[in-house]
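Only one structure is covered here, and it is reproduced in the block below.
Just so you know, residue 1 is the first one in the sequence shown, and it goes up from there. One-based numbering, in listed order, for ligands and for the atoms of each.
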Amino acid sequence: MNDFKYVNNELWCEEVPVAEIAQRVGTPFYLYSHRTLSRHFHVFDQAFEAVDHIICFSAKSNSNIAILRVFTRQGGGVDIVSGGELFRALKAGVDPKKVVYSGVGKRRDEIEYALREGILMFNVESSQELDDIHDCARNMGQKAGVALRVNPDVDAQTHPHISTGLKENKFGIDIERSLLEYRKANTLPYVDIMGVSCHIGSQVTKVSPFIDTMNRLKKLVHALREEGIQVRFLDLGGGLGITYDREEPPHPSEYAQAVIEAARDLHCTLIFEPGRVIVGNAGILVTKVLYTKSNEDKNFIVVDAGMNDLIRPGFYNAYHQIQPVVKGQREEIQVDVVGPICESSDYLAKERKLPLFDRSELMAVMSAGAYGFSMASNYNSRPKIAEVLVRDNRFHVIRRRETYTDLIRGEKIPAFLKRQNEKTVPS
Ligand code: LLP
């Protein structure tokens, strides 16, 4: 459920007409509903009410500090994968004791930053990383909380690009080998073993892969406890899917019931790292039709948002519903919706039956709140677009549209290339 609704054939976000925002901020832009965001977080959190748990929102899905603030205000933690995400999470006001840090390639400066800030735990993805974390902690005279991110070799039954829990994926430590690594970690004086973590993939639309994973993790937890190794936290990662088209993913409460049942008797605090399920359907991309054209085989709608703004269709062939911002009675035709980027994979929809769009008309690309802006780039030197948050009957720009000057920030023409008497880069 979300708060993008038609009122008299016009798309509204909560109590604000989308067209009104477009007129004020220009196009394209990302638009989020505060009500949807906080309801989604609340529903997920409530689903685990019966057990000790922390919901660490996965910053990679949407890392705008205003969005992160929505969740930290509701008591949420943050799942990070870089120093940059830690910086954002802290700016958003997260309690560092609710930050978990995953990722296969943590650098020493990032590890030190996280130690300085006192995060809850590192989800360690290799033996060498464990050594580095221990070394950094020893140099800093403090202990590092760790969980080993185990790879349970479970098929998440999702798109191969976003499956992470199979042996063939680069993520985590083979669950079979992890006991050895735990034994090693247990001998390291500057490491505090906090628990076990994993993440099997994204856009998972069934409960069973999570439960298979839980059952494998349970065996590991029992084996660890038999050896006197403490396990206080069990981090099941993120991955719960959403409806983009016709998928029917489990409701968070269904997911929660099954997970709680599987985790019974473990006496662990459960950690979750949801991203998409919280923000995916709480955001849309609003774009404007620039041109339409046809050849013998195809019809094209050229819009002002491109793959640099939303890469999911071009990258994963992902489906996003396309809707007119103002509905009307009109003929439908089969079209490709394409952007201005010089790449054939620059499309938002392929061979889609859509109403005839006119030039300058506004178009809404739905379910774009997760992995939309956070994967945007400046390719083709296109300034990053604005992000807007609606709450009730007001809208707030939470990231201004970039300018051309933003594009060259940090770039420098070296002295040997300067024109005579040129002092600064022309801007
Ligand atoms: N935790 C870890 C360690 C992760 O790697 C991820 C996502 C999450 C949590 C959050 O997963 P979620 O609840 O959002 O499924 N760019 C792709 C998705 C990549 C997901 C990467 N990891 C897409 O646009 O579909």
#### Entry: Heavy-atom side-chain proximity of Ile200 to Pro152 below 4.5 angstrom
yes
### The single option from Pro274, Ser202, Pro250 passing side chain to side chain contact (heavy atoms under 4.5 Å, CB included) against Leu240
Pro250
### Query
side chain to side chain contact (heavy atoms under 4.5 Å, CB included) with Leu11: which of Ile284, Val326, Leu362, Val286?
Ile284
Does the N or O separation between [X] and ligand 1 drop below 3.5 Å for any pair?
X	value
Ser61	no
Arg149	no
Ser102	no

For ligand 1, the portion of [X] having any non-hydrogen atom under 4.0 Å away:
X	answer
Asn123	neither
Pro274	backbone
Tyr316	side chain
Arg312	side chain
His199	side chain

### Query
Taking the non-hydrogen atoms of Val277, is any one of them nearer than 4.0 angstrom to ligand 1?
no
### Message
Could you check whether any heavy atom of Gly239 sits closer than 4.0 Å to an atom of ligand 1, since that is the contact criterion I want to use?
### Response
yes
Ligand 1 atoms in contact with [X] (distance to a heavy atom under 4.0 Å):
X	result
Gly275	12 (P), 13 (O), 14 (O)
Glu273	1 (N), 2 (C), 3 (C), 8 (C), 9 (C), 10 (C), 13 (O)
Gly238	9 (C), 13 (O)
Ser202	11 (O), 12 (P), 14 (O), 15 (O), 20 (C)

### Task
Inspect the contact between Asp153 and Arg216 and indicate whether a charged nitrogen and a carboxylate oxygen are less than 4.0 angstrom apart.
no
### Query
Is NZ or CZ of Arg352 both nearer than 6.0 Å to the six-membered ring centre of Tyr319 and within 45° of the ring axis?
yes
#### Entry: Arg264 side, atom CZ; Glu261 side, atom CD - distance, nearest 0.5 Å
4.0 Å
### Query
Is it true that atom CD of Glu227 has more than 12 heavy atoms of other residues, nucleotides or ligands lying nearer than 6.0 Å?
yes
### Task
May I ask you to check whether Phe272 and Phe48 place their ring centres under 6.0 Å from each other?
yes
### Query
What pairs meet the salt bridge (charged side-chain N to carboxylate O under 4.0 Å, His left out) rule with one or both residues in residues 120-144, with sequence neighbours excluded?
Lys106-Glu129, Arg108-Asp132, Arg108-Asp135, Glu125-Arg149, Asp131-Lys184, Asp135-Arg138
